Amino acid sequence: MHLTKPCGSNSRSSSSSNNSNKGGAIANTFHSSKSSNKMARITRTISPQRHHIHQRSLPHTLLLAVAAIALLQLQHLESVSAQSMMTKNEPMFISRSETFKFITGETIVLPCEVANTDTYVVAWKRGIAILTAGSVKVTPDPRVRLVNGFNLQIREALPTDAGDYICQIATMDPREITHTVEILVPPRIHHISTGGHLQVKKGSSVRIECSATGNPMPNVTWSRKNNILPNGEEKLHSHVLSIENVDRHKGGVYICTANNRVGQPASSQVVLHVLYSPEIAVERPVVFSGEGHEAMLVCIVHGETQPEVIWFKDTMQLDTTERHIMETRGSRHTLIIRKVHPQDFGNYSCVAENQLGKARKTLQLSGKPNVAVFNSPPISQYKDRYNISWAVDSHSPIEEYKLSFRKLPQGHEVVGNAIDSQSSSSSLSSSQSSSSSQMYGSGLHSHHMGSNIGGVGGAGGVGMGSYAGYGNLMHWGRNDWRNVVLPAIPVSHHYSQGMSYMVRGLDPDQHYEATVQSRNRYGWSDLTNSFVFSTSSNDGPVDLSTFLNHGLSDNEMRDLSVTFYGSSAINRQKLGLLALSSATLILSLVLA
């Protein structure tokens, strides 16, 4: 029993000592953070007492579990803290490598934003050349400096600034980013083969080259100032402009344009002078005028160098006088004749001469009538007759008209009011020169003073006459021309004058062609172009107003003379016209 107590006492003391050792082991485990085998040590400390765990109370077991979990959490926190410490002290780039484009003259700024570089040097390099080290500029280029930390700035960019730029952190294993700089250069024309001016003779060939530089390489086009190119295009996409067989129409200002969409396009021009002998064009080959009026004869003269122009009347050179005035405005040369005299009518010529040659053009000053213009509708309302009318301008009174007409030959195509045939005019002239035409009936002429027919003429009115053929007419061959001469009685002094004539004895539903000439005191006018008219297939109503509206007043009576071309000599017939009332006309035919 005595021995037992001490044993018991020793046993409790041993147990207390063991518990004290266990607590010290756990405490040592919580305060140790420098060894990687801590978990093994705790395991060795706890394992010898494993058979006691089942014998101990539940709170003691929970204490061991909590201690183990706390140790694991502490190890995790130490690991995160160590990594955080390493990250906080590691230098790094915030900027990334990029490609930049700048136009010459602009300011280049290359970003280099870094972190954790307090104990490290940040440097800029281009190739093997060091531009900056830390905050110190190494390059002697005054355009280079650091802005906003370690961003690199280069003022007034040049084409030579293009390339790669490296921002480097000087660690044991250097870290760096690379920026690529491309310099965009606006276009510039640096060469034109002609030097801006070119003189060539007519008929020569021209080749002009235009060279341009820039980045990117510009496109070169050719154009022509206020005109199209000789090839008919507005632009030519080529650095070479070729012109064959040069004449005055191909001269002018040619423009070379270079464009690469950087800045403004560049352009340069070439003035092409074509050297040629004078070339003359007349404004009107025949100028119609009258006594006491003014006449203007115009020659358009081109030449390089500028030609000298002189005027002639037939073979006599004209000088400036009170009635003869010569004016020059650019290429327009004008001879003005004031108060035209009868002797002024005739042929004139303008002669131009320069160092390369001489040219002459002839004009005519005429007192004859202008070419007549038909103004009657192309389709008749009758099947066997047609009232044809025309108007003519003449400074002198018309004395007579010559009307020619025929049935349109087979095979001729009608285009509008004209025919598409070259044989018509030739057959007409040969027919008119022949005296084999048959007599074409008698006619009735009536005149209404101051009347206007068909809207011909201006405010001054048109002097008009009207003829109507009567009687049984003789038929003629298929293609024969019929000619009728109609005196213009009474004589009209209007500038615009006219006439109408009823053509009878026509076939139904047929095409006919007609021409007319006019004569005044100075001669016959030129022949009109062929006028095509057609007869109807069905006869329309007879309208006597055609004659009454343009005929005599009730109290007028005149003796008229009408000339016809017949099969023999010219026949003259006189008509007596008596007006009995406004609605009734009595015709008396008197043979000469």
Side-chain angles (χ1 to χ4, degrees), residues 202 226 247-249 251-252 273-373 391-399 457-460 492-497 517-529:
K202 179 181 177 181
N226 301 327
D247 57 24
R248 70 177 180 87
H249 301 290
H273 292 281
V274 181
L275 305 177
Y276 59 96
S277 58
E279 297 178 2
I280 305 176
V282 297
E283 189 172 76
R284 288 181 296 168
V286 180
V287 177
F288 296 95
S289 188
E291 291 185 41
H293 294 273
E294 182 178 273
M296 299 178 63
L297 286 71
V298 180
C299 283
I300 310 298
V301 181
H302 298 279
E304 192 71 39
T305 57
Q306 186 64 35
E308 179 186 1
V309 177
I310 50 181
W311 287 89
F312 288 86
K313 169 71 165 65
D314 296 326
T315 59
M316 181 181 67
Q317 181 176 341
L318 298 178
D319 296 325
T320 299
T321 63
E322 182 179 347
R323 288 198 317 112
H324 292 168
I325 300 173
M326 302 171 195
E327 290 184 352
T328 300
R329 293 183 180 180
S331 60
R332 182 185 176 92
H333 297 262
T334 305
L335 172 63
I336 302 174
I337 303 175
R338 293 179 174 174
K339 297 181 180 179
V340 172
H341 293 175
Q343 61 269 24
D344 291 328
F345 295 118
N347 293 325
Y348 291 79
S349 59
C350 56
V351 178
E353 183 177 7
N354 64 8
Q355 297 175 350
L356 299 175
K358 178 186 294 188
R360 175 190 295 265
K361 281 288 184 179
T362 301
L363 306 86
Q364 182 183 5
L365 178 60
S366 175
K368 299 176 183 180
N370 285 261
V371 177
V373 177
V392 62
D393 292 339
S394 176
H395 287 85
S396 299
I398 300 296
E399 297 180 356
S492 171
H493 292 275
H494 294 284
Y495 176 67
S496 294
Q497 305 169 50
Q517 282 181 288
S518 312
R519 184 180 68 82
N520 62 13
R521 59 178 294 190
Y522 296 105
W524 287 98
S525 69
D526 290 336
L527 198 66
T528 62
N529 293 327

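Every value quoted in this text rests on a predicted model; they were computed, and no experiment measured them.
Side chain of D314 to backbone of G346: no donor-acceptor contact under 3.5 angstrom is found.
At least one side-chain heavy atom of D344 sits less than 4.5 Å from a side-chain heavy atom of R323. Residues C350 and L335 are not in side-chain contact: their nearest non-hydrogen atoms beyond the backbone lie 4.5 Å or more apart. A 4.5 Å side-chain heavy-atom check between E353 and E308 finds every atom pair outside the cut-off. Side chains of F345 and K368 form no contact here, defined as non-hydrogen atoms less than 4.5 Å apart. With a 4.5 Å cut-off on side-chain heavy atoms, Y276 and D247 do not count as touching. Between R284 and V298, the closest side-chain pair of non-hydrogen atoms is not below 4.5 Å. The shortest side-chain heavy-atom distance between H395 and Y495 falls under the 4.5 Å cut-off. Between P342 and E291, the closest side-chain pair of non-hydrogen atoms falls below 4.5 Å.
In this structure, H324 NE2 and E322 CD are separated by 11.0 Å, a value rounded to the nearest 0.5 Å. Taking CD1 of I310 as the reference point, atom CG of L318 lies at 10.0 Å (rounded to 0.5 Å). Taking CG of N370 as the reference point, atom CZ of F288 lies at 4.5 Å (rounded to 0.5 Å). One distance of note links OH of Y348 with SG of C299; it measures 13.0 Å at 0.5 Å rounding. One finds the NE2 atom of H333 at 13.0 Å from the CD atom of E283 (value rounded to the nearest 0.5 Å). The OG1 atom of T362 sits 6.5 Å away from the CG atom of N347 when rounded to the nearest 0.5 Å.
Shortest non-hydrogen contact noted between N354 and S277 is OD1-CA, 3.8 Å. Between T334 and M296, the shortest heavy-atom contact is CG2-CE, 3.9 Å. The two residues N520 and P397 make their nearest non-hydrogen contact at CB-O, 3.1 Å.
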**Report entry** Test log, rule salt bridge (charged side-chain N to carboxylate O under 4.0 Å, His left out), inputs E304 and K202
**Finding:** CA-CA 10 Å; E304 192 71 39; K202 179 181 177 181; over 6 Å; no
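When each of S525, S518, S496 is tested with D393 by the rule side chain to side chain donor-acceptor pair (under 3.5 Å), just one qualifies, namely S496. When each of L365, L297, I337 is checked for a side chain to side chain contact (heavy atoms under 4.5 Å, CB included) with S289, only L365 meets the rule.
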